[in-house]
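Notes for the one structure printed next.
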Amino acid sequence: APMPFVSVWCCSDKLCPCGERLQGQLGACLKTRSNLSSRLRPCGMKLTFPDQVWHVELLPLRRQLYILCAGNGIYCVSLDQLGSQAEDACPSSVFPVDADACIVPDVTLCTFTLLNDVLVTLSQAQGQWWMKLHVLLDPDQESQPCRQISQVGFSTCDQTGDDGDALSSHFLPVLCCASAPGTAGPGEGLWCSGGFTLEEPLFSLLFGIDAAMLDSPMILCGFPDGQLCCVPLKALNSSEAVDACSEVAGQVPPVKILHHLEEPVVFIGALRTEHKAPDDPDDQQLFGDSGCDCVVVVGHYGKMVAMKAERGEEAKVPEVREYYLQGPILCAACGGGSRMYYSTHSDISAVDLDWVSNASDPESIDNTAYVLPPVLSPASLSICSVVALSLSSRASEGDSELLALSAKGRLMSCDLCSPDDAHPIRLTPEKAGQRIKELLSGIGNVSERVSFLKKAVDQKNRALTSLNQVMNVSAALLSNQDGRKPVTCTVTASWSRLLLRDTWAISCMLENSSECSLEQGWTLCVQLFTSSCAFDEDSVDSATTFTFPIDQLLPGSKREVTLPLGSAEGTKLELPLTVSCALFYSLREILDSASDSYESLDDLLPDGSPGLSPDKEGICLPLSKCTIDILQCLRLDDSTVPGAPPSIATLSDPVETFLKVSRVQSDPSSVEVSDQLLPKAPDALGDEYLPPSVASIKVSSELLKNALKSFCEATYWAKERVCVNALGPCLPLRAVRLGLGTWSVPTDPPGQGLAPPVWKPGAGIPFLLPLLEPIQACCSGVASLLGQSVGSPPLCLGKSRQPVSCWAVGNARTHPLLCISLSKWLCEVGWGGTIGVS
Amino acid sequence: MAQRLHPGGRARSGERSRPRGSKRARREAPAGAGCLRAWTEENDGLAGGWRASRSSGPGRAAQQAARRCRLAFDSLLRKIQGLPAALPSLSLELTVLYNSLLFAVSESDGLVEGEAERINHGLIRVLEACGVSGQDLSTEELWQKVLQDVTTEELCAPLHRLGALQGAVWLAANCLGSVTGLFRLLSDTKGPLPSAHGGENELLALLKAWSVPVEGDTSPLVVQSTKDLKEILWTSAAFLQGLQGLEAGNLPTALSLLQAAASGFCSKRVLAQIYTCIGCCTQQMGKPQTALQHLKRALQVDFQCLSALSQAALVYRQLGETDAELEALALLYKALETPAQEAVSIDPCFLIRTELLVHTPALASLFSRSHPSEVKYLLAQRCLQAGRVGEAVEHYLDLLALLQEGPQHQVPLHGRSALPRIPEVFLEAASALEQLGRYQDAIAVCEEIISRTDDLIPETLRIELDSGAGGEAPGRAGSPSPGIPPQQRESLRCIVWRAAAYLHQGRAWARLGESKEAITRFTRCLNVLLRVQLVSAASIQSSEEMAEALPEAKVLQKIRLLALLGRGSQFQELGRDKEALMNFQHSLQVCPGDPAATSHLLRALWKLNRRQEAAALWQKLHADAAPADGQQEAPGRPYPLYLVSCLKQVNLPHDESLARSLQDYLRTSGQDP
């Protein structure tokens, strides 16, 4: 799971000229847990937290950010400090938050709110909710960042049944602060994010005379079980868990249940539903000060409760009205006006609680009439999947701006014009016709442009998809440098019969064992270098490149291409021949389809990208390289005898054939086998005489060293454990001594058994070359053989599972052993030695 | 995660021995013995580091060090418990569990939930190692099984240690029965119960008899010795049982237990608490002087023990020593003004302390820190009741300022607070100001109440006093009367407060000589009162019954009487005797037989030369007063403090000349017997 983090924007005014206004929004924006990126320039620094971030608030007075991290507590981060860190740091760096920044370590914390220097937290412990009041201390003077003043417990007794628990567990409670007008001096406004000021008499009616006379702000608290409680900030204490329903000796308990919504509370806010005379500027000022006259609470499943002081004379109680909106409601926001905005998964809607009675004569309005509208008609804003909303009013313009954060992390800003501007302009019919024409043409323009843009977007999407695939393949191939590559190309050389002519051909088997498919656009390039011969330095390199476009190669599938090199009678082949296979992808092709300019290619791929050809035309991924020598060209059968096509097919490896022949000769019991293998040889030579066949392998010491180095490194660990005895069972098959010098196996007449190998010593280390039977280039076979005898982990050659053709084990000092599977030995290792049959 | 958060934590706590240990651990990782040694060294390193660091004393640093230690021990324990339980490593595992739990209990302030689970898990692993299944057993059963089945010598000491910790956890959860059972198992399962002699408390005797396992040099280090833990357990058990006795009213037993606890091993703070509890106990036993002595001792031990001070104030009040009581309260207030010392949450020397283990509601309520505003109110109220008006005014003004202060000064509004409703505080302040002669100030204070209640009072408040009242048990006096919705009741209270505020304003204006203003206020007061319509059902006939059902009604009546009398007097001042007479007559209708009303009416009648009526009234007054001389006030609820002075002042001084002239008149008219 991705690490949750808070991306901090606009940390300092230097980075964001918008200043306070945006900072005020920051808290709301960052409440969600998603990645943030938008047209606002983030300051490029991310803070990571040990767990999900549940709530963020900004304290502008102190320029601090308070972040609640689930299961950890509240962290306090100074914006100035962050800003300076962000300036030093490279862009998009991620900082883990400092553990010392955790000012309230409490694993049970669920939410909090800030009022100037007071921190109110809500936590759940021992089956109860606890609201705690902390005072933030001046860090310069005090050793602690904050001190707890008092706490109060809330019993949510209604939370019965497992159903309810499960339901409410993933909802967090909502805290907010309501203050009476004039509780703070004009200069120092009581700052509380999400808080509001309620006008009299609603404040007193809702919260009681004690809170009003104490001038105490009220903390409103909406619980996941639907209770809406309030408690005066100045009386946040109770000696025991307060049973809010009881009233002891005339005392009204501080915790009061205002309402029970019976569904999780997601939002508490306040509205101004009655307009005061707007013409008088002084009055306007007053209007701003006196605060809101209606409290709204919104539940997750769409129940909304509005509370307002009644006009009625009979009883002074707040009018409480329930509305049902379409849920589930994710979030909501209120500004200073009479509208509330709320977001469901599919839309943002606005409801207006301003209600003017239809009665024409204001005198006749029944005093007992409701002051809240009986029904709400939500108006859609057509913005979907918004998870956080915030409303900011621009005092100068009178209208407000809605900031919305989508679930995918997009921050949107909607300008909401004030209700006064929305008056429709009266139109004459002519004007209307003109207007309609304009509109229609405008619609036409727009749709044209839309279709054009859509096409371009589709094209770009396609290009991006294929680029993505290319990148995947490249990454898979390039990251597996030493191991087995997910896409392999195996080159084999063989004789085949083509158009009644025997042709020597190279076949390349392209196998895709990666997880991504090779799509159109990839090309397999086979390059043949004729003069890779190290002995002849003067020779001019001549290279031929064959390209095979790959239409589609799905994961797990293979494709074989064959290159005929020459016929038996034909041209002389220059051997050895180096075959190099590579995958190529032309970027030009995609980009041409996406855009016309080549500059985009330069933008797309910075200089020095690995795998990019110098002229930046495409991506070239080398697959394999091998040398084909004369050994592979050997044809043991007598090709001069026409009409014997099957022999070609059966004989794949000349060395193999040779050894088999020699074994057949030495072992008369396996004549049948030899018959199968070599149907022609005995016949051709006749059965009366079988000349002793002698083979000699000449290997240059340099080549041997080079060839063995890589294998020996990989397998040397086993050198002490593998002893000759371990390989005992396979020794009698064929023990070939190999080294510098000449080795010969005299093949004795049938029935005489295996002759001791004849070693004509040269210099260097003698190696035993046991030829395993069956001679297969299967590393696992060898590995299991060795593994069996060693007893502990099966021999693993290198780290790859690539088919290994060569193998070396042995103790250099005592029992030098070299196992080489012969069939691919020559082609893979690329020995420059020759083998001749005489 | 914790490791990542505190990269330096473990290294610091176990600096000296760790590097060696970790190196060895790496080299010998595959071998079991190597692991065991490495773990032992890690444990010893951590414990040694903690022991070395505790000289630094309590504080935030110690708290953080403790947190680091807990995390380190937890992770070590996780490592050990990651492998199947095995006998050779069990001793170490139990020790690490013990160490880790010590920190956990200490950090969680004794309120342990997950800790019991961890002990269970440890015990189940012990049984597993011995090849016994321990699933589905309760903790008590587990302990029984473990202590009976596991006989391995080297496991004895760690098991006993863990047992002591289990006892602590149970004590903190007030499970005394479980603790007793456990220590029966631990001390000697076969021996006779030591509690046989002298009825001494069984648990205490068991604890005393329990022999602490010897901590050898070779055994892994522990962060708090079992010997200390035993002492603390003993003290806590005594204290807890004493408190329970106190709660249950079993005073002599409680006293002896508390005295035992006072002789135990505990911090000064706890000792002061114990002394305070002894003080409460002796006070309830009717020995106030002894109580005072103990409370004094509590304060001597720990001056921060402010509950002792408030208890002392209570005792002085019982003894009627107002001076001493006020002095105690003033001291208490002064002490509260200085910010509270943070409770030391981690004492490096003793991770488990008595404070962590003793939790009862009684203790919490007894030692809940009183709020400055509460104490200030008590001071003001007591001064006003004692007639020290000047001091009372000072205190009330301080209190009002205190109430306006920010949220840092919390105001207790809950049910058990000494503070009444806020408007009543204002009214009392106004009353005190008025008595001191600061009439303008009194008027201003009352104005605040009037403006606040403006929006809260309905035009008419109709309250029906009947439904279900008869069915209620009569014992529930003072409980909110049934059938009246709280909203109506609150409105009624607002009316009472508003009326009282007008009444005080009227009286203040009258004292200032502004009769017209005064009459206006009195009239407003009466108008407010007229909004209430009390509809009594047939079952309620007399006013006493009415007052029983709704105490506010009685206050309401009294305010109306006072307002009428006040307005009448002001009319007299203006020379409008007839209107005055009407007011007095009204007042007598409101409260028939009220002596103050009668005497006012008498004087008005006499002044208007309606001598015959006056004489008749006088005779009636004398006839009524003669038998009912003793009972000044009806036994019942006393009137609110803000009305007391009004009630006192409304009684006219006995007018000797009027009495003489009335007697003369009666004699001349020949009606005197």
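Computation of the quantities below employed the complete heavy-atom set of this structure, encompassing side-chain atoms and omitting hydrogens, waters and symmetry-equivalent molecules.
- Contact of B:Ile449 with chain A is made through backbone and side chain together, with heavy-atom distances under 4.5 Å.
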* **Chi angles and distances behind the side-chain contact (heavy atoms from CB on, under 4.5 Å) call for B:Ile422, A:Leu214** => CA-CA 8 Å; B:Ile422 303 300; A:Leu214 283 174; 3.9 Å; yes
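- Residues satisfying the side chain to side chain donor-acceptor pair (under 3.5 Å) criterion with B:Asn174, sequence neighbours excluded, are absent altogether.
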* Kindly determine whether A:Met213 and B:Val425 satisfy side-chain contact (heavy atoms from CB on, under 4.5 Å), including the steps that lead there. => CA-CA 11 Å; A:Met213 289 191 80; B:Val425 177; over 6 Å; no
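- Counting heavy atoms from C-beta on, the side chains of A:Ile209 and B:Thr453 come closer than 4.5 Å.
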* To do: Take A:Lys234 and B:Leu403 through the test side-chain contact (heavy atoms from CB on, under 4.5 Å) and record every step on the way to the result.
  => CA-CA 9 Å; A:Lys234 282 190 189 175; B:Leu403 292 183; over 6 Å; no
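- Note that OG of A:Ser204 is 5.0 Å distant from CG of B:Leu456, once rounded to the nearest 0.5 Å.
- The salt bridge (charged side-chain N to carboxylate O under 4.0 Å, His left out) test applied to B:Glu448 returns B:Arg452, not counting sequence neighbours.
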